[in-house]
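In what follows, a single structure is set out as C-alpha cells and then discussed.
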Amino acid sequence: FNDPERDTLITGKFPADFIWGSATSAYQIEGGWDEDGKGMSIWDTFTHQDPPRIYNAQNGDLACDSYHKISDDVAILKNLGVSYYRFSISWPRVLPNGTLDVINEAGFTYYDNLITELLANGIEPMVTLYHWDLPQTLQDIGGWENDDLADIFNDYADLCFQRLGSRVKYWITFNEPYVVCWLGYGINVFAPGIYSPGYAPYRAAHTIIKAHAKAYNTYKEKYSSWGAKISITLSTDFGIPENPDREEDVAAADRYMQFTAGWFAHAIFKNGDYPDVMKWQVGNKSEAQGLSESRLPTFTEEEKAYIRGTYDFFGLNSYTSTVCRGEENQGTDPNYEGDQDVTRYQPGEWPTSTSGWLKPVPWGLRGLLNWIKDEYNDPDIFITENGISTAEDSQLDDSDPRITFYRAYINEVLKAIMYDDVSVKGYFAWSLMDNFEWTSGYSQRFGLHYVDFEDDDRPRTAKESAQWFKELIEYNGFSSANFSSQSISLIS
Ligand code: PNW
C-alpha cells in the first residue's frame, strides 16, 4: 500500500447491489434490563456489581430505551436511507436462564415487532445472535470456558431461526469473539471480568468456534429453504510492519493478524484448524514454560471437518491499525499476547479520537480488505462495523472528525473494490445512534444520531454525519460534491 494515491480521495460509484446499513447491539441500546421476564446478562452483573470500573458508574439499564422505541429507531433508519439494519438479540431476553427450559415470549414479541416495522419500511434485518450479553446463569457454569456452551448456544440459535428466520436474510453468530476472549477472559477489562491471560482466552475461543459451527450447520440442515446467509463477524486492527524491508516485522504483522482474526477465521474459512503459526508459537512457549501440553486446545479430525467452510461471507469490524515489530517476548508467564512475539504500538503522530485505541488510518482498511481476500480465497466481505467516537459534550456538528472519518474510510472501501477487486458487498456504519460504549459508558458517542441521555425520553436527533451518509447512499458513491468542506486532517 505504498500507493502514491494513498491519501487521495477518488470519485466513483459502488456496485448497484451494494448494501448500506447501520449497526447497534442489544445491551448498548435496549435498556429494559429486567422488564417482562428478561433474565440477567453478564453485562448487567458486571455494571451493577462493580460500578467503579465503568465511566461514572453508568450502565445499560435504560440505555437508549430501544426496548420501547421501535418506531423511533425505524424512523431514523428510514430517514438515513439504509436498506439494512444490523441489531443483536439479547439472549437472556428470550431465554432468561440461557436454556430452553424457559422461553420468554415477551422477548420474541419485541424482536418480532422490530422486524415487522423494519420490513414495513423497506429495511431488511441483519441479526447478530451474540453481541457479548451472555445469560448470567451460563456464566455461573463457566461461560465460554465450559464446552457445554456450544450445544446450549446451538439450542438458542435454533430457536431464533425457528421464530424469526422466515424474515431474516442475514445471520451473524458471534460479534468479535477476539474481544470476548481477550478483554473478557484474558485481561479482566470486559464482562465476565476474568483475568487469565495465558489460558482462558484459548479455552473460550475453542468453545465459540464449535458453537458457531453448530449453529451454522443447524441452519443449513433445518432452515435452508429460507435461504439466509449466515456467518461470523471478526475484528482485527490492520498490522503494519514497522519496517517493511525487515522480514521479521513483515512476519510479525501477519502473525498479529493470525492471532486476532486468524484465531477464528483460519478454522472457519480455511481448514478447520488454528493457524500453523499459532500452533507453533503457543506450543513452543508452553513447552518452554514446562507444561506437558500446549495451552492452545486441539480439534479432532471430525471437528475440523465439521468447522471447515461454515461461512457464507466474511463479517469484518475494523476501526484502526497498529504497527508491529518482530521481537521475541522475554516474559516467562503464560500470556496470549506474549505468545505472539510482536511488539505493537500506535505512533504518537497518528491522529486520535475520543477512544484512545481508535486512531484513524483509512488506508489500513484497504490493506486489511486485501489481506482477507488473499488469506481466505476472496470471500464476500461485509464490513459490519466501522466508525469513530466523539466526546460526551459533542453535539450535532460532527463534520470533523466523523464525516471526515467516514469519507476517508469508505473511500478506501471503494478503492479496494475498484482497484483491487476485493469482494466487498456491504458497509454498516457504527453506530445508528449514541449508545452505551461498554466500560466508557456514555462518554464516547459513536452515533450518526445524537441521543440526549439527560432526557428520560431519550430523543434521537440526526447529526450532520447522518445527512452526509444519506447523500452518499443516495448517490451510491462519491461525486465531487461529497468532498466539499473536506478536511484531510485525519488522513495520515
Ligand atoms: C466494537 N477495543 O468493540 C463493538 O463491536 C461495539 O460494540 C463497540 O461499540 C464498537 O466496537 C466501538 O468500540 C470494540 O478496546 C470495543 O480495542 C473495544 C475495542 C475494540 C472494539
Side-chain angles (χ1 to χ4, degrees), residues 21-30 41-43 46-47 53-55 58 60 63-64 66 86-90 126-134 172-191 193 201 208 232-239 256-257 259-261 264 315-322 336-337 344-346 350 352-361 364-365 368 382-392 401-402 405-406 409 428-449 451:
S22 188
T24 61
S25 89
Y27 186 72
Q28 295 179 272
I29 66 162
E30 282 180 8
S41 84
I42 56 174
W43 273 94
F46 195 68
T47 54
R53 67 161 82 218
I54 318 283
Y55 175 82
Q58 292 168 341
C64 306
S66 285
R86 173 174 180 246
F87 64 90
S88 79
I89 295 177
S90 160
M126 173 183 269
V127 185
T128 306
L129 290 166
Y130 188 78
H131 201 125
W132 308 357
D133 44 357
L134 188 76
I172 289 168
T173 54
F174 288 87
N175 178 72
E176 298 193 6
Y178 154 77
V179 171
V180 173
C181 296
W182 181 234
L183 277 67
Y185 289 78
I187 49 174
N188 181 18
V189 170
F190 280 0
I208 287 175
I232 189 165
T233 276
L234 303 176
S235 58
T236 183
D237 301 350
F238 183 55
Y256 163 72
M257 290 188 281
F259 265 84
T260 48
F264 306 90
L316 173 69
N317 290 355
S318 189
Y319 291 88
T320 189
S321 294
T322 187
Y336 158 82
E337 285 196 329
R344 288 198 299 121
Y345 62 95
Q346 293 177 307
W350 280 4
T352 191
S353 73
T354 304
S355 309
W357 54 274
L358 202 173
K359 318 267 192 220
V361 187
L365 179 56
L368 183 56
F382 283 87
I383 295 168
T384 43
E385 287 181 22
N386 177 235
I388 193 172
S389 57
T390 50
E392 191 172 15
R402 190 165 288 105
F405 179 98
Y406 277 127
Y409 266 78
F428 289 71
W430 183 272
S431 175
L432 175 64
M433 59 190 145
D434 299 332
N435 57 48
F436 180 75
E437 178 54 23
W438 309 112
T439 51
S440 303
Y442 300 97
S443 66
Q444 299 178 6
R445 296 178 176 271
F446 274 87
L448 291 165
H449 293 86
V451 177

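Every number for a ligand or one of its atoms is a count from 1 in the order of the listing.
- Contact annotation: for N175 versus ligand 1, heavy atoms closer than 4.0 Å belong to the side chain alone.
- When the heavy atoms of H131, E437, E176 are ranked by distance to atom 13 (O) of ligand 1, first place goes to E437.
- Among all protein heavy atoms, the one lying closest to atom 10 (C) of ligand 1 is Y319 OH, 3.3 Å.
- A side chain to side chain contact (heavy atoms under 4.5 Å, CB included) with I172 is found for one member of T128, I232, L129, V127 and no other, namely T128.
- Taking atom 4 (C) of ligand 1 as the reference point, the nearest protein heavy-atom neighbour is E385 OE1, 3.3 Å.
- Taking only nitrogen or oxygen atoms, main chain and side chain alike, S25 does not reach within less than 3.5 Å of ligand 1.
- Remark: of the listed residues D237, T352, T320, T320 is the sole one forming a side-chain hydrogen bond (donor to acceptor under 3.5 Å, both in side chains) with Q346.
- With hydrogens left out, the protein atom closest to atom 7 (O) of ligand 1 is Q28 OE1, 2.7 Å, a heavy atom.
- Interface atoms of ligand 1 facing F446, defined by a heavy-atom separation under 4.0 Å, are 12 (C), 13 (O).
- None of I208, V180, T173 except one satisfies the side chain to side chain contact (heavy atoms under 4.5 Å, CB included) rule with Y130; the exception is V180.
- Per-residue contacts place N317 under 4.0 angstrom from the following atoms of ligand 1 (heavy atoms of the residue considered): 5 (O).
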Discussion item. Side chain to side chain donor-acceptor pair (under 3.5 Å), that's the test. Do E437 and S389 meet it? Break it down for me.
Written reply: CA-CA 10 Å; E437 178 54 23; S389 57; over 6 Å; no

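- Rounded to the nearest 0.5 angstrom, T47 OG1 and Y27 OH are separated by 3.5 Å.
- Contact annotation: for Q444 versus ligand 1, there are no heavy atoms closer than 4.0 Å.
- Here the rule is side-chain hydrogen bond (donor to acceptor under 3.5 Å, both in side chains) with N175, and of T233, T384, N317 only N317 fits it.
- For S443 against T354, the heavy-atom pair with the smallest separation is O-CG2, 4.1 Å.
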